[in-house]
Every structure is written in C-alpha cells, then in structure tokens.
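Heads up, the thing below is written out as structure tokens.
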Amino acid sequence: MAYHKQRYERLTFSFMDVEQQQEAFARPAKYFYDTRGSQLYEQICTLPEYYPYRAERDILASYAPDIYAAMGHLPLVEFGSGSAAKTCYLLTMYEHAGQPFLYCPVDISRAALETSAQQLLAAYSHLSIHAIHADFAGNPGVIRALHLEKKAMAFFGSNLGNLTRAESRDFLQSTAALMGPEDVFLLGVDLKKSTTLLLPAYDDAQGVTAAFNLNLLHRMNRELGANFHVPGFTHLALYNQEHGRIEMHLRSRQAQHVAITKTAQTIHFAAGETIHTENSYKYSLADIRALGHCTGLTLSHTWFDRQHYFLLGLFHREN
Ligand code: AVI
C-alpha cells in the first residue's frame, strides 16, 4: 500500500491512497456519517435511551487502571478513533506511568484526526502520535504502515455490531493476523438484552435516531441527484430475534416512484415497503468468546458496566 507521510514535532500523519481503500461491505455504515450524520450521531450518544455510549464510557472510567495493567505499556492503535473522548481514560494511565508513549489513531475523518491530535498533544506531555487517515473497515491491515513491533489495538463503540457476522469474523481474523504473541486487542461490544431497552435506544422519543436514518435520503438527493420526498418515509427500528440484531429501515408511507439521476434508475416503492439501512448486531459473552476462538483469538479479560449492558473484552492471539 502506498502512503504519504507528513511529520511534525511529536506528530506523524500517514495518508493512504484513496484508490486503494476498499469497499468491502455490502451495507457500509459509513454512508450515515456525512457532516450532518456525524452531528446527529454525536447527539444520539447523549440521549437518555442510547445506553451503549455511556455504558462503555463507564467501564473505561471505572476500570482504566486494570485495563491498562492488563494491556501493558504498548503503543496503542485505535480503529475509528473519532474524537478519542473515551480513549483518554487509557491515555491518562499511560501518561501517569511517566514514560514516553505512542498513540496511533486510525480514522476515515481527517478533520477528526487533526482536531483530536492537537487536543491530546496539548494534554499529554509524554505522548507522540502517529495518525493514519484511512478507511480501515474492510482492512485493518492499513496499520502495517506503522511498522510496530508490539502493540495494543482497540476498537471501541460497538462498531463491530454494524458488520454482519461474516464481516465481523473477517475483521477479527485480519486483526489476529496482525498480532504478535505479546500483542493485545481490546474490543467494545454491545450485549444482548431485553427489547424494552434495545428498541428505545434505536427509536428515541426526540426523534434524533429517526433524523439520523432519514438523513440518508437527504444525502442521496444531494449527492446522487435523487428525488426522495423525505416526509414520504418513516423511521422504523425492530429487533430481529433470529439474527440477534437491531435493524433500521425507512418505510415508504405510500406507493411512490423515486428517480436517481446518477445511477439512471427509477425505483418503485409499494406502501409499507422498507429500505433496510442498518444492522446493529448484539452479542452474548459466549458469542464473543466463540467469535474470538474461530478467528484465532483468546478472550483473556472482560470488564462490564454495572448493569451488564456492555462488554470490553481483551484478546490475545491463540498460540
Ligand atoms: C456506530 N454504531 C455502533 C451505532 C450503533 O449503535 O449501531 C450506530 C447507530 N445507529 C443508530 N443509533 C446508533
């Protein structure tokens, strides 16, 4: 893979060539996250119904010393780092150790990488950053550019949940292939639970998740020259028991035609027909252990929030 590099004091940036970035997934979650979609997702994370963000943050806030001790003082690579708000709990442990440390955020948003790098370098005097601007989703191997001998890798936010079971296996398998015997992988996973908790988390009273879902239609109108009449669709969230996943759909209120200029298509929707926009898979502890096992990873440590809504699991490579 070809990378461009820029170096500053304590900060290195690597940019992966855009044409080498893969479009590996059938329903890539990334299309939700244009500027408006990213703002709406930030808002979702503050909603009373959306427990996953708070639950994972609470685990990090409560157990950061234990997690850091189990990981060791290894360079920390984070997939989908965003604002790195939760990662700070771990970075603070590294800083308190009083030794130099390296943080390698990987993100699709260059703006998020630049902003967070500036803030982190100002906050932590022992920190150096090597940021990678890349679409890592289908390809965790983008981090080979870092040439790290040993490393800890982290994937927070239950982002694994937006991949199908097969894609999750591929992601973990590719991650395991990057790991040496002393490397570790810290994974945040949303646990299976009652639908009385799950459904409101994806269909909140203020309608923020609905706006996040409907934003896809605004985006298609803008970027693909589509003519979706957005009020002609409603947000639908359901739990698919068989697959163990929340599904988000957009349901057509009436029979209608939509033209998409860029793809030269006209699509007919029957009344009540839905566009399936997102999956958010939920896992049990046994599912996660099994997923690790079939991808060559052993789950060596687990941490839960007080309500057992969410799990942070630490994996080692199986020998
Ligand atoms: C980013 N991802 C883990 C969120 C989730 O819970 O699946 C995306 C989301 N979709 C609706 N609300 C939040």
Side-chain angles (χ1 to χ4, degrees), residues 25-60 78-87 106-109 112 135-138 154-165 167-168 171-172 186-195 197-219 233-240 243-251 274-283 287-288 291 305 309-313:
F25 302 133
R27 187 178 287 109
K30 68 180 178 185
Y31 293 118
F32 280 101
Y33 301 94
D34 61 354
T35 306
R36 178 74 185 132
S38 302
Q39 285 166 353
L40 287 166
Y41 180 62
E42 271 181 37
Q43 230 178 305
I44 286 173
C45 291
T46 67
L47 293 170
E49 297 96 332
Y50 193 72
Y51 63 83
Y53 182 87
R54 277 189 310 279
E56 188 178 44
R57 189 197 55 201
D58 292 350
I59 299 172
L60 284 160
E78 182 181 1
F79 295 110
S81 51
S83 68
K86 287 184 243 180
T87 325
V106 185
D107 207 279
I108 194 171
S109 161
D135 182 2
F136 64 90
F155 193 27
F156 295 130
S158 69
N159 287 311
L160 194 79
N162 297 130
L163 308 183
T164 65
R165 303 272 183 217
E167 288 165 353
S168 300
F171 186 85
L172 260 62
L186 184 63
L187 179 66
V189 184
D190 192 17
L191 294 169
K192 283 181 173 155
K193 57 183 67 64
S194 150
T195 50
L197 287 164
L198 279 173
L199 288 173
Y202 292 85
D203 195 5
D204 61 279
Q206 293 172 55
V208 183
T209 311
F212 176 71
N213 199 7
L214 287 161
N215 183 53
L216 282 174
L217 302 185
H218 288 294
R219 188 168 187 191
F233 289 82
T234 53
H235 168 66
L236 169 70
L238 57 89
Y239 186 68
N240 182 324
H243 293 288
R245 69 188 187 204
I246 285 281
E247 294 179 7
M248 293 207 314
H249 294 253
L250 290 166
R251 181 165 29 202
T274 75
I275 311 171
H276 184 173
T277 50
E278 188 187 53
N279 289 322
S280 192
Y281 285 83
K282 308 302 167 189
Y283 288 88
D287 293 337
I288 280 298
L291 180 64
D305 59 300
Y309 287 170
F310 205 93
L311 158 73
L312 269 189

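For this chain, numbers begin at 1 and follow the sequence in order. Because the structure is predicted, anything quoted here is derived from the model rather than measured. Reckoned from all heavy atoms, side chains included, excluding hydrogens, waters and symmetry mates. Counting convention: from 1, in listed order, for ligands and their atoms alike.
- Applying the salt bridge (charged side-chain N to carboxylate O under 4.0 Å, His left out) criterion to Asp203, with sequence neighbours excluded, gives no partner residue.
- Between Tyr41 and Tyr50, the angle of the ring planes goes over 60°, which puts this pair in the perpendicular group of the 30/60° scheme.
- Here Arg245 pairs with Glu247 under the salt bridge (charged side-chain N to carboxylate O under 4.0 Å, His left out) rule; sequence neighbours left out.
- The contact shell of ligand 1, taken as protein residues with any non-hydrogen atom closer than 4.0 angstrom, comprises Tyr33, Tyr41, Ile44, Tyr50, Gly157, Ser158, Asn159, Asn162, Tyr202, Thr209, Phe212, Met248, Glu278, Ser280.
- Within a 6.0 Å sphere centred on CD of Gln206, heavy atoms belonging to other residues, nucleotides or ligands number 12 at most.
- Both tests do not hold together for Arg57 against Phe310: distance to the six-membered ring centre under 6.0 Å, angle to the ring axis within 45°.
- In terms of the side chain to side chain contact (heavy atoms under 4.5 Å, CB included) criterion, residue partners of Leu191 (sequence neighbours excluded) are, by chain and number, Lys193, Phe304, Leu311.
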